[in-house]
Amino acid sequence: MIEMKNKIKILIASVIIAVVVIIIGVFVGTTELKESEDREQDTTEDISSGETTDTETESGTETTADDVTSDSESATNSETTTQETETQTEIQTTPNSGFVDQNPIGSTIDPNKPMVALTFDDGPAGSKTGRLLDALEQYGAHATFFIVGNRIPGDEENIKRAAALGCEVGNHSNSHAKLTSLDDASVAGEIHPVAETIKSLTGQSTVICRPPYGAVDDRVQAAIDAPVILWSIDTRDWETRNAAQTVANIQQNVQDGDIILMHDIHAESVDAAVQIIPWLQQQGYQLVTVSELAYYKRGGLSKNERYGSIR
């Protein structure tokens, strides 16, 4: 009987132990599973966190690239501005040694403001030209003189002074001949020696040309081999010989980009110029040479074109 009871106790103890073992096993398994799941979740979060970090890094790189691009553009713009400023300064301050690729050498010009070119034909004319140069110097204005070759001897100083004041000296032939009535060799003989004389007196590398009477065609232009300048306002000063009428003609018709035709061989024309120079400036016009006008309006002149106005 006692032995039977002991067996029962052993059986019960074995069952209890087995149950406990099972419970412990289940608990441990659950814990390990939970820890495994937690580890997987942590790993996933780490991976997600890593992707986020990479994304932020890429975003940061893009931002940095944008910043670099912005800085580069700013630097480029700054360099461009500096170059433009240096170029402008060079144009403004280089001594008047002529024209390089038909770019002007002159004083300060604002390309955003209106400008016109006063031009004077048939000189040089001694004291009349000298008086005109006095007025241009007084007002800081530029003009273009289309001179006749056979009038140069004895009047070289006016030509040199015009160049020194920032004015331009152009070619009006040697004898004021009508070029369309001449053969090619004669046209060249009227134009090229005068151009060389102007270059030697002024230092200009390019000498623009105005054919007498405006008589030009494609054949003559090819023989001239230089930019041909006509006009948009003919003051008829040579005809009226009246300063008031010449002034009124300009005042009633002037526009930005005009090339105005006058003559410095007539005293009345010089009287008109002395009046019109300050008036034009008061109206906001800059008084420039033909090559300056062309440079700031179109980037320069072409020897294959004829110019009336330059707008």
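Along the sequence shown, residues are numbered consecutively beginning with 1.
- Taking a 6.0 Å sphere around NZ of Lys178, one finds it holds 12 or fewer heavy atoms contributed by other residues, nucleotides or ligands.
- Atom OG1 of Thr129 and atom CG of Asp264 lie 3.5 Å apart (nearest 0.5 Å).
- Of the possible polar contacts, one joining the Asp237 side chain to the His263 backbone as a donor-acceptor pair under 3.5 Å is found.
- You'll find the side chain of Arg210 reaches within 4.5 Å of the side chain of Asp121, heavy atoms only.
- Looking at Pro211 and Ile224, their side chains come closer than 4.5 Å, going by heavy atoms from C-beta outward.
- In this structure, Pro212 and Ser173 approach most closely via the heavy-atom pair CG-OG, 3.4 Å.
- Arg298 places a side-chain heavy atom less than 4.5 Å from the side chain of Tyr307.
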(request) Just do the side chain to side chain contact (heavy atoms under 4.5 Å, CB included) check on Ile277 and Gln282 with the steps written out, would you? (result) CA-CA 9 Å; Ile277 288 169; Gln282 290 165 6; over 6 Å; no

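- For the pair Met115 and Ile109, the tightest heavy-atom approach, listed with the atom from each and the gap, is CE-CG2, 3.9 Å.
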(request) Could you give me the CA-CA distance, side-chain angles and deciding distance for Thr180 and Asp217, then say whether side-chain hydrogen bond (donor to acceptor under 3.5 Å, both in side chains) is met? (result) CA-CA 7 Å; Thr180 50; Asp217 54 23; 5.8 Å; no

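- Here the shortest heavy-atom pairing between Cys167 and Ala143 reads CB-O, 3.2 Å.
- With contacts defined as side-chain heavy-atom distances shorter than 4.5 Å, the pair Leu182/Glu190 qualifies.
- Side chain of Tyr285 to backbone of Trp279: no donor-acceptor contact under 3.5 angstrom is found.
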(message) For a side-chain hydrogen bond (donor to acceptor under 3.5 Å, both in side chains) check, start with the C-alpha distance between Thr246 and Asn249, then their side-chain angles and the critical distance, and finish with the verdict.
(response) CA-CA 5 Å; Thr246 299; Asn249 188 327; over 6 Å; no

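- Hydrophobic clustering (side-chain heavy atoms under 4.5 Å, transitive across Ile, Leu, Val, Met, Phe, Trp, Tyr) keeps Ile265 apart from Leu261.
- Asp122 and Arg151 are not joined by a salt bridge, as no carboxylate oxygen comes within less than 4.0 angstrom of a charged side-chain nitrogen.
- Judged by distance alone, with hydrogens and angles left aside, the side-chain atoms of His266 form no donor-acceptor pair with the main-chain N or O of Lys128 at under 3.5 Å.
- Under the 3.5 Å distance criterion, the side-chain polar atoms of Gln286 are left unmatched by any main-chain donor or acceptor of Pro111.
- Note on Arg311 versus Asp256: no salt bridge recorded, every NZ/NE/NH1/NH2 to OD/OE distance being 4.0 Å or above.
- Connection of Leu133 to Leu201 is established within a shared hydrophobic cluster, with ILVMFWY side chains joined at heavy-atom distances below 4.5 Å, either directly or through further cluster members.
- Contact of the Gln252 side chain with the Ile233 side chain is not registered, since no non-hydrogen atoms from C-beta on lie closer than 4.5 Å.
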(request) Go through Leu280 and Leu118 one step at a time and tell me if the side chain to side chain contact (heavy atoms under 4.5 Å, CB included) criterion holds. (result) CA-CA 10 Å; Leu280 286 168; Leu118 290 175; 4.2 Å; yes

(request) List the steps, then state whether side chain to side chain contact (heavy atoms under 4.5 Å, CB included) holds for Val254 with Val116. (result) CA-CA 8 Å; Val254 67; Val116 296; 3.8 Å; yes

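- For the atom pair NZ (Lys199) and OG1 (Thr197), the distance works out to 10.5 Å, reported to the nearest 0.5 Å.
- Checking side-chain atoms of Gln204 against main-chain N and O of Val169 turns up a donor-acceptor pair under 3.5 Å.
- Salt bridge Arg161/Asp155: absent, no basic N to carboxylate O contact under 4.0 Å.
- Considering CD1 of Ile260 and CD of Gln255, their distance stands at 10.5 Å, rounded to 0.5 Å.
- One finds no salt bridge joining Arg241 and Asp271 here, because no Lys/Arg side-chain nitrogen approaches an Asp/Glu carboxylate oxygen to under 4.0 Å.
- If you chain together hydrophobic residues whose side chains sit under 4.5 Å apart, Leu179 and Val148 never meet in one group.
- Between Phe145 and His172, the distance from one ring center to the other does not fall under 6.0 angstrom.
- Residues Met262 and Ala272 share a closest heavy-atom pair of CE-CB, 4.1 Å.
- Side-chain atoms of Asn171 come within 3.5 Å of backbone N or O of Ile191 as a donor-acceptor pair.
- Exactly one of Thr144, Ile310, Leu230 qualifies for a side-chain contact (heavy atoms from CB on, under 4.5 Å) with Ile259. That residue is Ile310.
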(message) Run Thr240 and Asn242 through side-chain hydrogen bond (donor to acceptor under 3.5 Å, both in side chains) and show every step you take.
(response) CA-CA 5 Å; Thr240 65; Asn242 184 302; 5.8 Å; no

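- Checked by atom type and distance alone, the side chain of Gln221 never pairs as donor or acceptor with a backbone atom of Arg219 at under 3.5 Å.
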(message) Test side chain to side chain contact (heavy atoms under 4.5 Å, CB included) on Tyr296 and Lys113; report intermediate values, then the result.
(response) CA-CA 10 Å; Tyr296 288 104; Lys113 292 182 179 180; over 6 Å; no

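- Of the inter-residue distances, the one linking Tyr139 atom OH with Asp134 atom CG reads 11.5 Å to the nearest 0.5 angstrom.
- Taking each heavy atom of Ile208 and Ser291 in turn, the nearest pair found is CG2-OG, 4.0 Å.
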(message) Using the rule given for side-chain hydrogen bond (donor to acceptor under 3.5 Å, both in side chains), can you reason through His142 versus Glu292, listing the C-alpha separation, both sets of side-chain angles and the distance that settles it, and then say yes or no?
(response) CA-CA 9 Å; His142 294 170; Glu292 287 171 335; 3.0 Å; yes

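- Taking the side chain as every heavy atom from C-beta outward, Thr289 and Leu293 never approach each other to under 4.5 Å.
- For the residue pair Gly170 and Ile198, the shortest heavy atom distance occurs at O-CD1, 3.4 Å.
- Here the OG1 atom belonging to Thr119 is positioned 6.0 Å from the CZ atom belonging to Phe146, to the nearest 0.5 angstrom.
- The CZ atom of Arg236 sits 12.5 Å away from the OG atom of Ser269 when rounded to the nearest 0.5 Å.
- Taking hydrophobic clusters as Ile, Leu, Val, Met, Phe, Trp and Tyr residues chained together by side-chain heavy-atom distances below 4.5 Å, Trp238 does not share a cluster with Ile250.
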